Asks: 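Okay, here's the structure, questions in a sec.
In what follows, every heavy atom counts, from backbone to side chain, and hydrogens, waters and symmetry copies are set aside. Keep in mind that what you see is a predicted model, and the values were worked out from it rather than measured.
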Amino acid sequence: MDQYFVEPTLCLVPDWVTARIELYHRTHKLLDPVPYLHFYKGTHIKVLNWIARDGDETYVLPAYGTHEDVAIVFEEEKRIQIQKGIFFPCQGEILVAAEQVGRGLCFKQLAVIFSQTIAQMAAESVGFGGSEFILCKAYEISREHPLIGYVWSGYREDFQTGNSFSFLLPVFIEDINILLQYKRPDLHLIPLEVGEIMKYKDQRFIVKSDEEGIYIDDLANALLNKRRL
């Protein structure tokens, strides 16, 4: 599934090795940087920093080069340590922390929401935890009924208030700007069944399921694996 993640856009320090080298250039010390996501009061801004400590000294290395400006203007509300497997939103993207040989802990940008599990993790990272998802084709409700794209249709119910709401996540993240042009009532959703083929640009995917739910697999890889069996 590595092909569904790409290098994060505009991230200057995307991994532990790069952070350690940069800190050495600045301090002439071999430090052990740890990534944190910082939240600031009165704003939705989130800043990703590598932090290293040496005795009483603390060194902050912004992954995107934005920490100092934000820290001057806003008061920090909280911070969370980024560990392997954590999904989190930053700079308008959904990132995940992964381990990679030669890089250590590194950040990867989610390019394809390829399973119900990943959809739930992505939703939780932006405050919509506990949502259920269905994989669908989205058509515009019009005379022509053009296909808009493939989406995860999310639903969540708040049992304390009795309120419920629905929302959409694009399967292919680059389609987000297309999806944002439409309101939910303007779209007709058709659930995809296991075994159906999805065509996206020059690729084809097949819908599958396992004990964790629905997911998509690259059709070429799926056929290759089937031949090997």
Side-chain angles (χ1 to χ4, degrees), residues 1-41 43-115 117-127 129 169-177 201 203 215 218 221:
M1 298 298 180
D2 289 344
Q3 71 269 29
Y4 299 146
F5 298 89
V6 297
E7 292 298 310
T9 306
L10 303 178
C11 187
L12 304 176
V13 191
D15 58 67
W16 182 88
V17 169
T18 302
R20 198 173 199 221
I21 291 172
E22 182 61 29
L23 284 168
Y24 179 78
H25 288 161
R26 298 185 183 193
T27 66
H28 301 291
K29 300 176 181 179
L30 287 175
L31 302 171
D32 185 16
V34 177
Y36 287 86
L37 188 64
H38 297 246
F39 299 76
Y40 295 86
K41 293 181 179 179
T43 176
H44 295 295
I45 295 174
K46 300 176 182 64
V47 177
L48 184 60
N49 293 311
W50 294 92
I51 294 180
R53 295 179 174 85
D54 181 29
D56 294 332
E57 295 290 332
T58 298
Y59 302 93
V60 179
L61 179 63
Y64 285 84
T66 57
H67 171 72
E68 292 181 359
D69 292 340
V70 173
I72 291 173
V73 177
F74 300 104
E75 180 183 356
E76 183 177 326
E77 181 177 16
K78 65 176 181 178
R79 66 180 67 175
I80 60 171
Q81 182 179 339
I82 302 299
Q83 299 176 329
K84 179 182 176 181
I86 290 181
F87 282 77
F88 59 98
C90 189
Q91 300 290 320
E93 308 291 350
I94 296 176
L95 305 183
V96 63
E99 289 281 353
Q100 191 170 335
V101 176
R103 301 179 69 187
L105 191 68
C106 61
F107 309 131
K108 292 290 186 177
Q109 181 178 318
L110 183 63
V112 181
I113 302 178
F114 55 88
S115 71
T117 300
I118 298 299
Q120 289 165 347
M121 289 180 178
E124 185 173 357
S125 74
V126 293
L169 293 176
V171 172
F172 303 97
I173 299 296
E174 63 185 63
D175 288 346
I176 184 63
N177 291 328
K201 297 185 177 180
Q203 289 182 283
Y215 69 98
D218 183 277
N221 290 336

Asks: Nearest 0.5 Å, what's the CD-CD distance between Q109 and Q91?
Replies: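 Between Q109 CD and Q91 CD, I get 10.5 Å after rounding to 0.5 Å.
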Asks: Please say which of L48, I51, I45, I80 ends up in a side chain to side chain contact (heavy atoms under 4.5 Å, CB included) with H38.
Replies: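 Among L48, I51, I45, I80, the one that satisfies the side chain to side chain contact (heavy atoms under 4.5 Å, CB included) with H38 is I51.
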Asks: Donor-acceptor pair, distance only, cut-off 3.5 Å: does the side chain of Q81 make one with the backbone of V34?
Replies: no
Asks: How close do A52 and P33 get, heavy atom to heavy atom, and via which atoms?
Replies: CB-CA, 4.1 Å
Asks: Under 3.5 Å, is there a donor-acceptor pair between the side chain of T27 and the main chain of L23?
Replies: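 Judged by distance alone, yes, a pair lies under 3.5 Å.
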Asks: In Å and rounded to the nearest 0.5 Å, what is the CD1 to CG distance from I21 to L31?
Replies: 13.0 Å
Asks: What heavy-atom pair brings D54 and Y59 nearest, and what distance separates the two atoms?
Replies: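 Smallest heavy-atom distance, with atoms named: CB-CE1, 4.1 Å.
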Asks: Looking at CD of E22 and CZ of R20, how far apart are the two atoms once the value is rounded to the nearest 0.5 Å?
Replies: 14.0 Å
Asks: Any side-chain to backbone donor/acceptor pair from D15 onto V17? Under 3.5 Å, distance only.
Replies: yes
Asks: Report the relative orientation of the aromatic rings in H28 and Y24; use parallel for angles under 30°, tilted for 30 to 60°, perpendicular for over 60°.
Replies: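 Rings of H28 and Y24: perpendicular, over 60°.
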Asks: Atom CD in E124, atom CD1 in I86: separation rounded to 0.5 Å?
Replies: 10.5 Å
Asks: Name all residues meeting the ring-ring contact (aromatic ring centres under 6.0 Å, His included) criterion together with F87; count only those two or more places apart in sequence or in a different chain, and write none if there are none.
Replies: none
Asks: Would you call K41 and E76 a salt bridge, taking side-chain N to carboxylate O under 4.0 Å as the test?
Replies: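 Salt bridge absent between K41 and E76.
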Asks: Can you sort out the partners of K46 under side chain to side chain contact (heavy atoms under 4.5 Å, CB included), two or more places apart, ordered by chain and number?
Replies: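 K46: side chain to side chain contact (heavy atoms under 4.5 Å, CB included) contacts with L37, F39, P89.
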Asks: Answer whether the closest heavy-atom distance between the side chains of L110 and F5 falls below 4.5 Å.
Replies: yes
Asks: What distance separates K201 NZ from E174 CD, expressed to the nearest 0.5 Å?
Replies: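 The distance works out to 3.0 Å.
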Asks: Between F88 and F107, how do the two ring planes meet: parallel, tilted or perpendicular, split at 30° and 60°?
Replies: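 Correct class here is perpendicular.
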Asks: Please indicate whether E99 has more than 12 foreign heavy atoms, meaning atoms of other residues, nucleotides or ligands, lying under 6.0 Å from its CD.
Replies: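 For E99, atom CD is crowded (more than 12 foreign heavy atoms under 6.0 Å).
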Asks: Taking the side chain as C-beta and beyond, is there a heavy-atom pair between L105 and P35 under 4.5 Å?
Replies: yes
Asks: Measuring from atom OG of S125 to atom CG of L95, what distance do you get when rounded to the nearest 0.5 angstrom?
Replies: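 If we round to the nearest 0.5 Å, S125:OG and L95:CG are 9.0 Å apart.
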Asks: Keeping W50 on the side-chain end and A63 on the backbone end, is there a donor-acceptor pair under 3.5 Å?
Replies: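 No; judged by distance alone, with no hydrogens or angles, the pair does not exist.
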Asks: Which is it for I173 and Y4 under the side chain to side chain contact (heavy atoms under 4.5 Å, CB included) test, yes or no, and what are the steps along the way?
Replies: CA-CA 10 Å; I173 299 296; Y4 299 146; over 6 Å; no
Asks: Taking it one step at a time, do V47 and Y36 satisfy side chain to side chain contact (heavy atoms under 4.5 Å, CB included)?
Replies: CA-CA 8 Å; V47 177; Y36 287 86; over 6 Å; no
